**Q** 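My questions all concern the structure below.
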Protein chains: 2
Amino acid sequence: MKAKNQTPNHCLSPNEIESRLKSAGVQPTAQRIAICRFVLCEAKHPTAEQVKAWADLNFPKISLATVYNTLGILVQAGLLKEYRFPHTESSVYDNNLTSHHHFLDEATGELIDIEPDQLSVNLKLKPSFKIKEMEILLKGTRS
Amino acid sequence: MKAKNQTPNHCLSPNEIESRLKSAGVQPTAQRIAICRFVLCEAKHPTAEQVKAWADLNFPKISLATVYNTLGILVQAGLLKEYRFPHTESSVYDNNLTSHHHFLDEATGELIDIEPDQLSVNLKLKPSFKIKEMEILLKGTRS
DNA sequence: TCTAAATTTAGAATAGTTCTAAATCTGGAA
DNA sequence: TTCCAGATTTAGAACTATTCTAAATTTAGA
């Protein structure tokens with residue numbers, strides 16, 4: 001059954017989350033589904049603490065260890081990506097799985113995804129360098 | 001071993017270090033000069049622990065708090081730059097003060113400076129984005 | 001229903017760094 | 001020189017983000 005979004009914030013129904021977890025080889029427990037409702041949907045670059053804060057409102061008594069454990073499992077399963085940026089100690093999690101870059105608004109601390117078509121890079125390195133991945137962080141302000 | 005792709009750092013004499021500290025408004029104490037002999041000269045992207053380990057050999061009894069304190073002062077004075085990369089929790093310090101990027105050799109963990117002339121970036125962002133800084137991390141291997 | 005395996009949990013442990021407050025050192029004034 | 005206020009250094013405590021531990025609970029499947 002494919003329920004349509006109940007609120008504009010919900011992009012996946014619990015059933016859709018459940019099947020995504022199953023097909024990724026992750027057992028869909030109540031806690032994991034609850035966390036996914038946030039991190040795979042409306043959350044924008046949340047930290048573990050922000051996931052915990054959301055969970056406290058929506059799934060009372062979830063433990064911080066489970067939040068970390070679940071986030072790690074989702075990253076391992078390829079359903080979430082983990083980033084660490086210079087402006088904070090905390091890891092942030094991103095449900096945008098396509099290759100992309102980031103812009104940090106230094107005035108607000110907001111992180112914004114920059115899609116690859118918004119910039120082009122021309123590498124002129126010696127051929128001994130084999131580049132597998134490129135992470136670009138733009139910093140500035142937005143008006 | 002292949003030549004390192006880094007700007008070579010001239011070693012500074014204690015007197016040169018002293019005058020660089022003074023003109024940066026930093027009181028040149030014995031501990032600070034000792035730390036500078038490493039971090040402003042031969043050190044390549046050291047962590048605080050690596051600075052401490054070097055200091056233990058060259059300036060017995062220096063405390064870890066002084067190492068952190070001095071590194072912070074050098075960064076604030078503009079004599080050193082601090083970076084945080086995704087592959088490690090620890091800050092690394094860089095005496096290459098010119099704008100540049102980094103390559104992480106995923107096989108060895110080695111960080112290599114990439115000078116701006118080794119790549120070019122073309123931004124196509126909306127004009128509301130005001131970019132002040134750009135950090136690029138290339139990841140891969142080197143043969 | 002039963003049970004082995006997986007999951008969750010609270011709290012302890014850990015790593016990297018910063019803080020605290022007492023001891024020591026420093027550069028000028030006298 | 002001697003003195004002193006302020007700067008610096010220090011050991012260890014505290015802190016933050018995260019991982020680990022081991023016991024309790026839940027789950028899937030026979």
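The chains referred to below are lettered A, B, ... by the order of the sequence lines, with proteins before strands, and numbering in each begins at 1. Here the structure is a predicted model, which means the values were calculated and not measured.
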**Q** So which of B:His87, B:His100, B:His102 actually passes ring-ring contact (aromatic ring centres under 6.0 Å, His included) with B:His45?
**A** B:His102

**Q** Looking across every strand, which nucleic acid part, if any, lies under 4.0 Å from B:Thr66 by heavy atom: base, sugar-phosphate, or nothing?
**A**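 Base contact - B:Thr66 has a heavy atom under 4.0 Å of at least one base atom.
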
**Q** Searching all strands shown, indicate the nucleotide that pairs with D:dC4 (Watson-Crick or G-U wobble; both distances under 3.5 Å).
**A** C:dG27

**Q** What's the NZ-C1' distance between A:Lys52 and D:dT18, to the nearest Å?
**A**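 Rounded to the whole Å, the gap is 15 Å.
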
**Q** Find the distance between CG (A:Asn69) and CD (A:Gln31) and round it off to the nearest 0.5 Å.
**A**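 It is 10.5 Å, given to the nearest 0.5 Å.
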
**Q** Please lay out, stage by stage, how A:Glu42 and A:Arg37 fare under the test side chain to side chain contact (heavy atoms under 4.5 Å, CB included).
**A** CA-CA 8 Å; A:Glu42 78 252 36; A:Arg37 285 172 57 192; 5.9 Å; no

**Q** What's the shortest heavy-atom distance between A:Pro46 and A:Phe38, and which atoms?
**A** CB-CE2, 4.0 Å

**Q** For residues 80-95 of chain A, which residues have at least one heavy atom under 4.0 Å from DNA chain D?
**A**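 Per residue number, the list reads A:Glu89, A:Ser90, A:Ser91.
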
**Q** When rounded to the nearest 0.5 angstrom, what distance separates CD1 in A:Ile62 from OG1 in A:Thr70?
**A**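 It is 6.5 Å, given to the nearest 0.5 Å.
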
**Q** Which part of the nucleic acid does B:Gln31 contact within heavy-atom distance under 4.0 Å: base, sugar-phosphate only, or nothing?
**A**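 Touches sugar-phosphate only.
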
**Q** Once rounded to the nearest 0.5 Å, what's the spacing between atom CG of A:Leu71 and atom CD of A:Gln76?
**A**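 A:Leu71 CG to A:Gln76 CD: 12.5 Å, rounded to 0.5 Å.
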
**Q** State, to 0.1 Å, how close B:Arg32 and B:Gln27 come at their nearest heavy-atom pair, and which atoms those are.
**A**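 Heavy atoms of B:Arg32 and B:Gln27 come nearest at NH1-O, 2.9 Å.
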
**Q** Name the residue closer to the 5' end of DNA chain D, choosing between B:Ser63 and A:Glu49 according to the nucleotide with the nearest heavy atom.
**A**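 Closest to the 5' end, via its nearest nucleotide, is B:Ser63.
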
**Q** Please report the interatomic distance CZ(A:Phe129) to CD(B:Gln118), rounded to the nearest 0.5 Å.
**A** 6.5 Å

**Q** Would B:Lys61 pass as a cation-pi partner of B:Phe59, given that its NZ or CZ must be under 6.0 Å from the six-membered ring centre and within 45 degrees of the axis?
**A**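 Cation-pi check for B:Lys61 and B:Phe59: fails.
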
**Q** From the 5' end of DNA chain C to its 3' end, which nucleotides mark the outer limits of contact with chain B, defined by a 4.0 Å heavy-atom distance cut-off (strictly under)?
**A** C:dG16 to C:dC19

**Q** What's the CG-P distance between A:Leu71 and D:dC20, to the nearest Å?
**A** 15 Å

**Q** Distance check needed: D:dA17 C1' versus A:Asn69 CG, whole Å only.
**A** 16 Å

**Q** Hey, which sits more toward the 5' end of DNA chain C by its nearest nucleotide, B:Leu64 or B:Gln27?
**A**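 It is B:Leu64 whose nearest nucleotide is closer to the 5' end.
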
